[in-house]
Structures are given as structure tokens and as C-alpha cells.
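Notes to accompany the following structure.
By convention in this document, chain letters (A, B, ...) are assigned in the order of the sequence lines, proteins followed by strands, and residues within each chain are numbered from 1.
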Number of protein chains: 2
Amino acid sequence: MGARIGLKDVALRAGVSVPTASRVLSGVQRNVDPELALRVRNACDELGYKVNAAARALRLQSTDSLAVVVPAIANAYFAELVSAYSRRLDLQGKRLVTIDTDESPEIEQRQLGAMDRALVDAVLVVPAAFERSGAAIAELARSHRVVQVDRRARGVEAPSVRLDNAAGVRLLVDHLRARGRRSILMVDAQEDSSSSIERTAAFRALAGPGDRVLDMPSFTVASGIDAAKLLLADPGDTDAIICTADIVALGLLTALQHAGKSVPTDYAITSFDGTYISDTAAPGLTTLGSTAERMVEASLALLCGGSGDVVLEPELVIRGSSG
Amino acid sequence: MGARIGLKDVALRAGVSVPTASRVLSGVQRNVDPELALRVRNACDELGYKVNAAARALRLQSTDSLAVVVPAIANAYFAELVSAYSRRLDLQGKRLVTIDTDESPEIEQRQLGAMDRALVDAVLVVPAAFERSGAAIAELARSHRVVQVDRRARGVEAPSVRLDNAAGVRLLVDHLRARGRRSILMVDAQEDSSSSIERTAAFRALAGPGDRVLDMPSFTVASGIDAAKLLLADPGDTDAIICTADIVALGLLTALQHAGKSVPTDYAITSFDGTYISDTAAPGLTTLGSTAERMVEASLALLCGGSGDVVLEPELVIRGSSG
DNA sequence: CGTGGCTGGGAAATGCATTTCCGAACCTAA
DNA sequence: TTAGGTTCGGAAATGCATTTCCCAGCCACG
């Protein structure tokens, strides 16, 4: 019997009706005698009443929760993105369900398929892959409001927010050329993500004969270290590097320095994300500035209505790593 | 009217009863004719039926979701912790609601107070402060299953998992002394968190006359940089540093190198968290190994029952930064 | 032929907050 | 005093999945 405390228990204790108690707690509808309101609030305290979130969500058809699906929360870029969402949603009294897909379309598909169990009103998703994420996200979009963030997936109608990756590549390439660099290596990862596809395509379109692309498996420090080994084993004429993530650039920078190379003298290094990493590496990384705040703002706006795609303009932040 | 599709619509379309449809989807209870099961599943696909999570949660009194409340998701230590939770819970078909309190007991209190709206079965919390987080967490523990992770708060009954901070400090101090360092500076932050309190207390108990403690406001790269400035302005005899977070050590290391100091020749640097940062800094940071996995395992075990506190033993990982 | 063992169906209860519909009671202004 | 306005209470509907109760069929085995 007397298991959980419901609103009717509160009403009983306060000596008021259920509708009245609800009016007090919901705060709206009609005016309530302050005396009664006080009795209701006291009853809540005394009984330790907590509104049942599931019942409330069922009735109101709304949970005040969003899901954000990122490829790797341990990647500083996505951690800063999630942090920005969290801060902004806190102000709106909403909560964030975080899903880490580990850059795997399989995990992503499983998680998105289970999203109906997740009690969220909408989903912000950074698709793991361009091709292989499409089906799961399109399916999800049939039942949920979805916005694609930072990356896109093929065949998904849902609106998206992303960086103008081609413009970003152009900024970096022009900057390196202006500094007299002749031969640029692009170190990429997650090559089947839309951002990688856009970045490598833009790079190849601008590239000269000495320019190369190196694909690493993941956005990790380890990938940067491995990339450095590969570069040192086959140095070519390379005198400048564009990493598609700060975290890879960090590993690369560290490994090159360990190998006795000087940055930026031997190699100019630049990267994309603009996380705190670029600001703290030694030397600081020339990078495209952080777009997390703008991306968060735009994607939440899209959630509240509106369709179509938002493309954010990148901005070059010059630090020591490019000379 | 014909708005959302419910289970009865599926049953109708499949030409079966509601209980039968439920038996098919829930998968248990009684055997169902495979023929009927197929019809039900087809009806689901055709109608695009998604179970209503709120109704399900209301009926089953369970949401398959946990909340994890961390002081700062952008701090690599907590990002790795959240990532570890996410990976483990994914395997159990559960979801994670992430709350970022920004190291603020006020935000923490507000968020925990709203936790009943959050549709979670339990809460894993890293208290922002030892003193000022107690009330809100104790209050939350009245209505939710709570486990304190990494840090504790005063007066909370909920079980906890944490590092043996005193042992960690001892490991680092002994290591630095064994390397011939005479004068150690501990750079701390969030001094009102339980881990800070334990670490500084342990340090002071072991400290000699040349040893000092410097309190910074936050676990950020910027704090490390500021600490370096303060140190250089008042160098004393300091020849070794213990940072209570990798991320602070990173800023400190970088700033000292910028100022022309050599690590480890001029300063040996050590830190606590064992995140990927310690592995990638140049030189690598001597640190206590990562306890995220063990902490996650222990805290989830506590959630499934059991009370009391789990104290994890630290392990010293020696890298170049300590000579 | 009879009985135990399965499986399906219909009706209804359960979980709980929110909200609507009225009727009853009371107060104020004309 | 009367008309109009305000506020509260009781009952009930709504949102939807899950599950129980029990009654019919249908099979097979004895």
C-alpha cells in the first residue's frame, strides 16, 4: 500500500483537493489562496513528495530532456561541445542525455534504435559516418525531432549545423603558403565522416604535387604519434601539416619534438578544432577558432523550429606552431 | 484523434489482442505463435510504432537511465570518467544523463533539486564541494539511489568510491624525494572539494620547511599557467611540483617551458589524474595511473546494492617529467 | 471420450500527474 | 437584494504500456 507518495497524498495531508494541489505546484491556471498554497507546500516537504517524472512526461508529452549523440566524449572537441550544450540547457531547465558512439556506426545504430526508451524530446546527433550513419538517423528522424551537428549523414532530411570545411581548409592552406611552405601534409582521421570527406576533398582541390593526405584511424593522441612516425619514415618534401583535429595535432607535435624536430622551423603545424589544446600546446597551435558556442546556439535554434542547413564561417587563429 | 500510434493500433492492425502484441514486443511471459509474432512486428514497422517511453517508465517504475553529475565535463579527467560510464552502460542497454555543475555548488543544488524531473533510476555524483554540496546531495538521497564518486560531501549517507588520496600523495612525495628533490610545491584547485582537502592535508602532514601549497581557483589549463607565473615570481627553493590534476600540470609545464625553464632539470612535475594528457605532454607527466575504469566498476556495483565506501589504491606511473 | 496443457482474447486494473467540467459556496459591486 | 465574478471541491478523462484474471478454443495423451 503506502509505497510511493503521490499528489493525492499531498492533497489529503494539506486538506485540499487534487486540482488545487496541482495548481499550487504547477504554478499556473488559477489563483490560489496563499494560505492553501502554503499548506500544500508544507505537505510536500513533510511527506518528501517528488513529482513522478514519468507520469508527468506521459501527461505533458514532454520531458525537458534532449539527447546529444557524439562520437567520443573523451575527444576534447566534443567534450567542449557537450559542455556548451549543458551550460545552455541548464539555463532553460532542461537536461542532456549523452550518448557516446565511440565513432562506431554500429554502436550508433544500436543506441539510436533504443532512443525511444530514452525519454527525450529531441536528438542532437553528430553522425559517426557519412554513409553508414544515414539509415539509423533517418529512421530516428521519423519519430523524433533531430538536428545534425558538426557532421552530416547521407540521405537525412533533418536540418544540420556545420562548419564551412572547405573555407577552413582554404584558410589554413593559404596561411601556410603565405608563410612560405611548399609541401603540405593533411593528417586526417575518421575518413568516412562528412567533415573528413569535405576537408580532404577541399584539400585535394587546392593541392599541388608535393601535397599529401594521410588517413589515420581515430581522433586520438596516439594517431598523431603514429602519423609522426609515418612522416619521419617517409619525409618527402613536407614542411607543413594540417591536422583535422587538435588532439591529433597534439600527438603529432609531441612526437616530432621527441624525434628532435623543431616546430615550426622544420614543420609548421596547424589544426582544426580550436579547443583548449591548441591554446596550451607548446608552441601554441595555429588552428581554426572554436565554433562550439555558435554551433550550439544554431542547433538549438533549429530545434525550436526552422529547417535547412546552417553553415558557420571559420576563423583563423594564428599561434606559434605555424611560424 | 489519430495522432500518436499506440500499442492498441498495432494490435488492431496485426489482428491480435493488446496483451498478445505486448507479449511479442516484451518478448516474455508466454509463448506466442511465430505467425502472430511476425504479424505484430510487421504492423510495428508499417505504422512506425515506437513504444512510449514515458508510459513504459510509469508502468515499470524504471527508466533504464542513470544520471552522472560531474563538476566539469571539459576536464579530461571527468570526460574519461563519463566515457567509461557510457561504454559500460551501453552494454547494459542503459543511458546516461550528464549534468555539468561547472564546479559550482549553486548549479549543483539547482540541478539536483530538479532531478526528479530527470527520469533516472539512480544518480552518480561527484560533489563539487565537501561542505556546501552536502545538503543537496543528502536531500537527493532521500528520493533517489545515490553513489558518490571520486569525491564526497559532508553528512551524506550514500556510499562512495574514491581514491586513497593520502596514499597517492605519499607515493608522489616519496618518489620526488627519492629523486633528490628537496622542496616541493603542491598546486591545488577546488580547495573545498573532498579530494583537495584530503590531498593537501596529506601533503602538509608530510611536508618539510621548504614545501608549499598553492591554491588555484579551477582545474584548468589557465590555472596551471597562472601557477607558473606565481612560482616564477616567488621561486623559493622549489625544485618539484605536484599538481592535483593533469590539466593544471599541462598548463604549468607549458608555461614553465615558455619561460625558459627545463623540465625535469629545473622542476620535476607530477600530477594526479592519469588521463591521456599525462601520456602526451612533452615530457610525459609522472602521475598516478588512471582509476576511471575501477571507479566506474565499483560505483556501478554499489548501485546494484551494497553500501559503505570503496577506497581505491593509487599506482605510480613514472614518466620523463620527474627526471 | 475425457482431462490436462497451451495459447489467444476481452475487460479491466495499475502507475500518476494534469486538466476539464460543473456545481457549490462566497464575496463584491450595482 | 441581485447579478456577476472568483475560488474550491468531486468526479472523471487523458496519456499509454503492461499485466492480471478468466474464459474459450484446440491439441494430445491416456
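When rounded to the nearest whole Å, the span between CG of A:L12 and P of C:dA17 equals 14 Å. Rounded to whole angstrom, the span from the CG atom of B:D64 across to the C1' atom of D:dA17 amounts to 14 Å.
Every residue two or more places apart in sequence or in another chain was checked for a salt bridge (charged side-chain N to carboxylate O under 4.0 Å, His left out) with B:R294, and none qualifies. B:E106 meets the salt bridge (charged side-chain N to carboxylate O under 4.0 Å, His left out) test with B:R132; sequence neighbours excluded. For B:R87, the salt bridge (charged side-chain N to carboxylate O under 4.0 Å, His left out) partners are B:E293, not counting sequence neighbours. Applying the side chain to side chain contact (heavy atoms under 4.5 Å, CB included) criterion to B:S195, with sequence neighbours excluded, gives B:R151, B:N165, B:S193, B:R199. Looking at residues two or more places apart in sequence or on another chain, you find a side chain to side chain contact (heavy atoms under 4.5 Å, CB included) between B:V18 and B:L7, B:K8, B:A11. A:D90 is linked by a salt bridge (charged side-chain N to carboxylate O under 4.0 Å, His left out) to B:R110, counting only residues two or more places apart in sequence or in another chain. Residues passing the side chain to side chain contact (heavy atoms under 4.5 Å, CB included) test with B:A54 are A:A57, A:L58, A:L119, B:N52, sequence neighbours excluded. Applying the side chain to side chain contact (heavy atoms under 4.5 Å, CB included) rule to B:A118 yields the partners A:R95, B:M115, B:V120; only residues at least two apart in sequence or on another chain are considered.
Listed by residue number, there are no residues of residues 38-48 of chain A with a heavy-atom contact under 4.0 Å to DNA chain D.
A:T98 and A:Y85 form no side-chain donor-acceptor contact under 3.5 Å, judged by distance and modelled atom types alone. Side-chain contact of A:E108 with A:S133: a donor-acceptor pair under 3.5 Å is present, judged by distance alone.
Across all strands shown, B:L36 has heavy atoms under 4.0 Å from sugar-phosphate atoms exclusively, and none from any base.
Residue-environment remark: CD (A:E46) exceeds the threshold of 12 foreign heavy atoms within 6.0 Å. At most 12 non-hydrogen atoms from other residues, nucleotides or ligands lie less than 6.0 angstrom from CD of A:Q109.
For the pair A:T20 and D:dG9, the criterion of a side-chain N or O lying under 4.0 Å from OP1 or OP2 is met.
The overall bend of the helix from C:dC1-D:dG30 to C:dA30-D:dT1, read as the angle between its terminal helix axes built from five base pairs each, is 40° when rounded to 10 degrees.
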Note to self: Could you walk me through whether A:K94 and A:S65 satisfy the side-chain contact (heavy atoms from CB on, under 4.5 Å) test, starting with their C-alpha distance in whole Å, then the side-chain angles of each, then the deciding distance to 0.1 Å, before giving a yes or no?
What the structure shows: CA-CA 5 Å; A:K94 306 198 178 204; A:S65 297; over 6 Å; no
With the criterion being N/O to N/O and under 3.5 Å, what pairs connect the protein with nucleotides 10-16 of chain C, and how long is each?
unit_1: C:dT14; atom_1: O2; unit_2: B:R59; atom_2: NE; d: 2.6
unit_1: C:dG15; atom_1: O3'; unit_2: B:Q61; atom_2: NE2; d: 3.4
unit_1: C:dC16; atom_1: OP1; unit_2: A:R4; atom_2: NE; d: 3.4

Could you list, one pair per line, each protein nitrogen or oxygen that sits under 3.5 Å from a nitrogen or oxygen of nucleotides 25-28 of chain C, together with the distance?
none

